[in-house]
Amino acid sequence: MAKQTQKPMIWNKDAETMPRDQLERLQLERLQQTAERVYRTVPFYQKAFDARGLKPSEIKSLQDLAKLPFTTKQDLRDNYPFGMLTVPLDRVVRVHATSGTTGKPTVSPYTAKDIELWGEVMARVYTAAGVTSRDVVHNAYGYGLFTGGLGFHLGAEKICATVIPVSGGLSKRQIMLMEDFGATALTCTPSYSLVLAETAEDMGVNFAERMKVRVGIFGAEPWTDKMREEIEAKLNLEAFDIYGLAEMIGPGVSIECPYHEGLHIAEDHFLPELINPDTGEPVKEGESGELVFTALTKEGMPLLRYRTRDRVVLNREKCACGRTMTRMSKVRGRTDDMLIIRGVNVFPSSIESVLLTCEDLEPQYIIIVDRQKDRLDELEVWVEACSELWQRGEYFVKETEKRIVKDLLETLGVSAKVKVTEPHSIQRSEGKARRIIDRRELGN
Ligand code: DLL
């Protein structure tokens, strides 16, 4: 569990601790305005409203949200690149994009007002993690079309911290710079934080002793609480989970507070719903479902009921930190990356949890799913040994493999082959880690 080293701080108290009835009135007002605007300016939405026989003026309560059409990644592809804009392109001051698996990226255009909004929600993020103007932020999220680098940069400047725009890669140099510049906060993907820990070790640098880093804000990919423990132990910092997606704004949609009991959603700007991915109906309170967001204050490309495909649980209770904003659990997987292996639903996060309970293994792994012609699906997990295990020799490596096979079978209900590999043998990532190779989809 994360160390509670700080007392909660709040960037925008009026907004973040607003009584819920007031917040809901504000959300409704903003929803009505946004629906009117997209209906008037975006042909896609006009068609979708008309097809339902719905006029924006019929939205009278937050429950009416359910009458609105969903927006999917496919809709964004169909309207690529700027078909969903509500303003002329000359009002757009920046464009980000996410690389898709199927060719064309998904585009996120920002007006000047959208950039301001992004700065505001990122300032909330840093403040929730206890980062202030006195901090030196080593920002190792990738700069470029990806929203991570520039989003964290913007927020750090907004709170007047000292930001080091190092981006990803050249890890040895990063270790040197972190030490020389006295970084106190580290921002990068959770998997890259472990690469940095490993690099320091290889360089003979005792990270915990030599670095002043006390806070890490990690996101952009799924990671479990077990992974959090590893990171906190290796880097000697308090790790905060941050969530976001380019279609809404980028990082800044939600963030943990020092209580680490869910991620507070900036609900005055991003209205969350939780649905059953198969039926589109809301799930019952406390159940897990697919997260859907409506952008309430975006100017350039406000999306209605955007299907994130991320599986979470929502908690609407007020938090001990004082925030009234709904909390989402850590992302428990994606509705589209759940693997179905021999008919059994397998979540990569469950595999990760099993692997990380074994102290002899490093948190570096890949999951391979394959199906030879006319044969059953095969699940294979490759995971790295820690150097002590590797040095103990083959017998102990094989024993560990057997143990993990047994644990995976018990947890997942399907059998898996396990290969414990040499330290440093699995490719590291500077950004989002790619951990799943599903050869079945490739048809070979
Ligand atoms: O990953 C924005 C971001 C940058 C968030 C830096 C946090 C830190 P996209 O590239 O559009 O945006 O990817 C969005 O990444 O739908 C989730 O599936 C996944 N994701 C993002 N944050 C988390 C997280 C950025 N904390 C997609 N935990 C989302 C699990 C996450 N998954």
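Indexing begins at 1, ligand by ligand and atom by atom, following the structure's order.
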For this session: Apply ring pair (Phe, Tyr, Trp, His ring centres under 6.0 Å) to Y39 and list each qualifying residue two or more places apart in sequence or on a separate chain.
Result: F49
Tabulating one pair per line, provide the atom names and distances (0.1 Å) for every N/O atom of ligand 1 that is less than 3.5 Å from a protein N/O atom.
| residue | atom | partner | partner atom | Å |
| --- | --- | --- | --- | --- |
| ligand 1 | 1 (O) | K432 | NZ | 2.8 |
| ligand 1 | 10 (O) | K432 | NZ | 3.0 |
| ligand 1 | 11 (O) | A246 | N | 2.9 |
| ligand 1 | 13 (O) | K432 | NZ | 2.9 |
| ligand 1 | 15 (O) | K432 | NZ | 3.3 |
| ligand 1 | 16 (O) | D310 | OD2 | 2.6 |
| ligand 1 | 18 (O) | D310 | OD1 | 2.6 |
| ligand 1 | 18 (O) | D310 | OD2 | 3.4 |
| ligand 1 | 18 (O) | R334 | NH1 | 3.2 |
| ligand 1 | 22 (N) | A220 | N | 3.1 |
| ligand 1 | 26 (N) | D241 | OD1 | 2.8 |
| ligand 1 | 26 (N) | I242 | O | 2.6 |
| ligand 1 | 28 (N) | E221 | O | 3.2 |

Problem set entry | L31 side, atom CG; E36 side, atom CD - distance, nearest 0.5 Å | 10.5 Å
Exercise. Of the non-hydrogen atoms in R52 and A66, which two are nearest, and what is the gap between them?
Worked result: NH1-O, 4.4 Å
For this session: Working to the nearest 0.5 Å, report the span between CD1 of I217 and OG of S193.
Result: 12.5 Å
Exercise. Who are the ring pair (Phe, Tyr, Trp, His ring centres under 6.0 Å) partners of Y143, not counting sequence neighbours?
Worked result: H153
Seminar exercise, completed: By ring pair (Phe, Tyr, Trp, His ring centres under 6.0 Å), F152 pairs with (sequence neighbours left out) Y126, Y141
